[in-house]
Amino acid sequence: RLKQQLDFILEIDKEKNILRQTHLSGHGRRENDAEHAWHMAIMAYLLKDYANEPVDIAKVMIMCLIHDIVEIDAGDTYAYDAAKERIFSLLPEDQKKELTSFFDEFENYQTPESKFAHSLDNLQPLLLNNSNGGGDWREHQVTSEQVYGRQRKTQLGSETLYKVTDQILKENMEKGNIKES
């Protein structure tokens, strides 16, 4: 059991090598998946009062921490099934079932916890990009339709965080960082 757990712990260290498009605050380097997950987990704890419904915050934090682990194998795509099976199969069966269940719950977007975790997954890169003067939006010539398309579901987990999101997006459209569609 302990060997399986240690093997899994070592395997998920690879998440630190998966680079995201988002840059760290202060015009830093691109963030990696592990940093993104850690940041989301802290955000979950700090912002839990803004969830639309009561949530099990420990469960939300675990969802935040594991939601991108499959990118170790799959990259930043939606081909997660084989990767999910391989990576979580490193764990003892009971822990595999538990973490797979949390991962699937996050992906299915049905529970208050998964909706809130997704809100954080949307908000975290938005906050970083905004802190960098919208550089990633400008670099990729992002349109308001694209960014609102991704951000609309934020309100399913938190109306309050969506209001913040909407304000940030409108400010960046006014500045020309996001092209109006």
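- Connection of Leu90 to Ile62 is established within a shared hydrophobic cluster, with ILVMFWY side chains joined at heavy-atom distances below 4.5 Å, either directly or through further cluster members.
- Atoms NE2 and OG, from His67 and Ser114 in turn, are 12.5 Å apart once rounded to the nearest 0.5 Å.
- A donor-acceptor distance shorter than 3.5 angstrom exists from the side chain of Asn32 to the backbone of Ala34, with no hydrogens or angles considered.
- Judged by distance alone, with hydrogens and angles left aside, the side-chain atoms of Glu113 form a donor-acceptor pair with the main-chain N or O of Asp56 at under 3.5 Å.
- Remark: Lys153 is positioned above the aromatic ring of Tyr109, its terminal NZ or CZ atom under 6.0 angstrom from the ring centre and at most 45 degrees off the axis.
- Enclosure of atom CD in Glu145 is not indicated, since only 12 or fewer non-hydrogen atoms of other residues, nucleotides or ligands lie within 6.0 angstrom.
- Nearest heavy atom pair, residue Leu169 against residue Gln151, reads CD1-CG, 4.0 Å.
- Nearest heavy atoms, His39 versus Gln124: ND1-NE2, 3.0 Å.
- Side-chain contact, Ser158 with Asn52: no donor N or O sits under 3.5 Å from an acceptor N or O.
- Hydrophobic clustering (side-chain heavy atoms under 4.5 Å, transitive across Ile, Leu, Val, Met, Phe, Trp, Tyr) groups Tyr162 together with Ile178.
- Under the 4.5 Å side-chain contact rule for hydrophobic residues, Trp38 and Tyr45 share a cluster.
- Rounding to the nearest 0.5 Å places CD of Glu93 at 10.5 Å from CZ of Arg1.
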Hey, mind stepping through Leu120 and Cys64 against side chain to side chain contact (heavy atoms under 4.5 Å, CB included) and telling me if it holds? CA-CA 8 Å; Leu120 301 168; Cys64 290; 4.1 Å; yes

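- When all heavy atoms are compared, the tightest approach of Ala51 to Val55 is CB-CG1, 4.1 Å.
- No more than 12 heavy atoms of other residues, nucleotides or ligands sit less than 6.0 Å from atom NZ of Lys179.
- Under the 3.5 Å distance criterion, with hydrogens and angles disregarded, no donor-acceptor pair is assigned to the side chains of His23 and Glu31.
- Residues Ile18 and Asp68 are not in side-chain contact: their nearest non-hydrogen atoms beyond the backbone lie 4.5 Å or more apart.
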Quick one: do Leu126 and Ile168 satisfy side chain to side chain contact (heavy atoms under 4.5 Å, CB included)? Show the steps, please. CA-CA 8 Å; Leu126 181 128; Ile168 290 170; 3.5 Å; yes

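- Across Phe116 and Leu47, no two heavy atoms sit closer than the pair CZ-O, 3.4 Å.
- Closest of all the heavy-atom pairs between Asn177 and Trp137 is O-CB, 3.3 Å.
- Side-chain contact of Glu105 with Thr111: a donor-acceptor pair under 3.5 Å is present, judged by distance alone.
- With hydrogens and angles ignored, the 3.5 Å screen pairs a side-chain donor or acceptor of Ser131 with a backbone N or O of Leu128.
- Considering CD1 of Ile87 and CD1 of Ile69, their distance stands at 7.0 Å, rounded to 0.5 Å.
- Under the 4.5 Å side-chain heavy-atom criterion for grouping Ile, Leu, Val, Met, Phe, Trp and Tyr, Val147 is connected to Leu127 within one hydrophobic cluster.
- For Pro112 against Pro54, the heavy-atom pair with the smallest separation is CB-O, 3.9 Å.
- A continuous path of ILVMFWY side-chain contacts below 4.5 Å connects Phe103 to Ile12, so both sit in one hydrophobic cluster.
- With Asn132 contributing its side chain and Gly135 its backbone, the two residues share no donor-acceptor pair below 3.5 Å.
- Remark: the backbone N or O of Val164 is not paired with any side-chain donor or acceptor of Gln167 at under 3.5 angstrom.
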Would you please test Asp81 and Glu85 for side chain to side chain contact (heavy atoms under 4.5 Å, CB included) and show each step? CA-CA 6 Å; Asp81 287 341; Glu85 180 62 26; over 6 Å; no

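- Thr154 pairs with exactly one of Thr160, Thr165, Asn122, Asp166 by the side-chain hydrogen bond (donor to acceptor under 3.5 Å, both in side chains) rule, that one being Asn122.
- Going from atom CG of Leu91 over to atom CD of Glu11 covers 10.5 Å, rounded to the nearest 0.5 Å.
- For the pair Asp73 and Lys84, the salt-bridge criterion is not met [side-chain N within less than 4.0 Å of a carboxylate O].
- Between Phe106 and His118, the two ring planes are parallel [angle under 30°; tilted spans 30° to 60°].
- Counting non-hydrogen atoms of other residues, nucleotides and ligands closer than 6.0 Å to OH of Tyr50 gives a total of 12 or fewer.
- When only modelled atom types and interatomic distance are considered, Asn130 and Asn172 share a side-chain donor-acceptor pair under 3.5 Å.
- Interatomic distance, Met173 CE to Glu180 CD, rounded to the nearest 0.5 Å: 5.0 Å.
- Checked for salt-bridge contact, Lys14 and Glu71 miss the test: no charged N lies under 4.0 Å from a carboxylate O.
- Gln95 and Gln5 are linked by a side-chain donor-acceptor pair at a separation below 3.5 angstrom, with hydrogens and angles left out of the test.
- Of the options Arg20, Lys16, Arg29, a salt bridge (Lys or Arg N to Asp or Glu O under 4.0 Å) to Glu35 is made by Arg29 and by none of the others.
- Of the inter-residue distances, the one linking Glu15 atom CD with Leu65 atom CG reads 8.5 Å to the nearest 0.5 angstrom.
- In this model, a donor atom of one side chain and an acceptor atom of the other lie less than 3.5 Å apart for Ser144 and Ser181.
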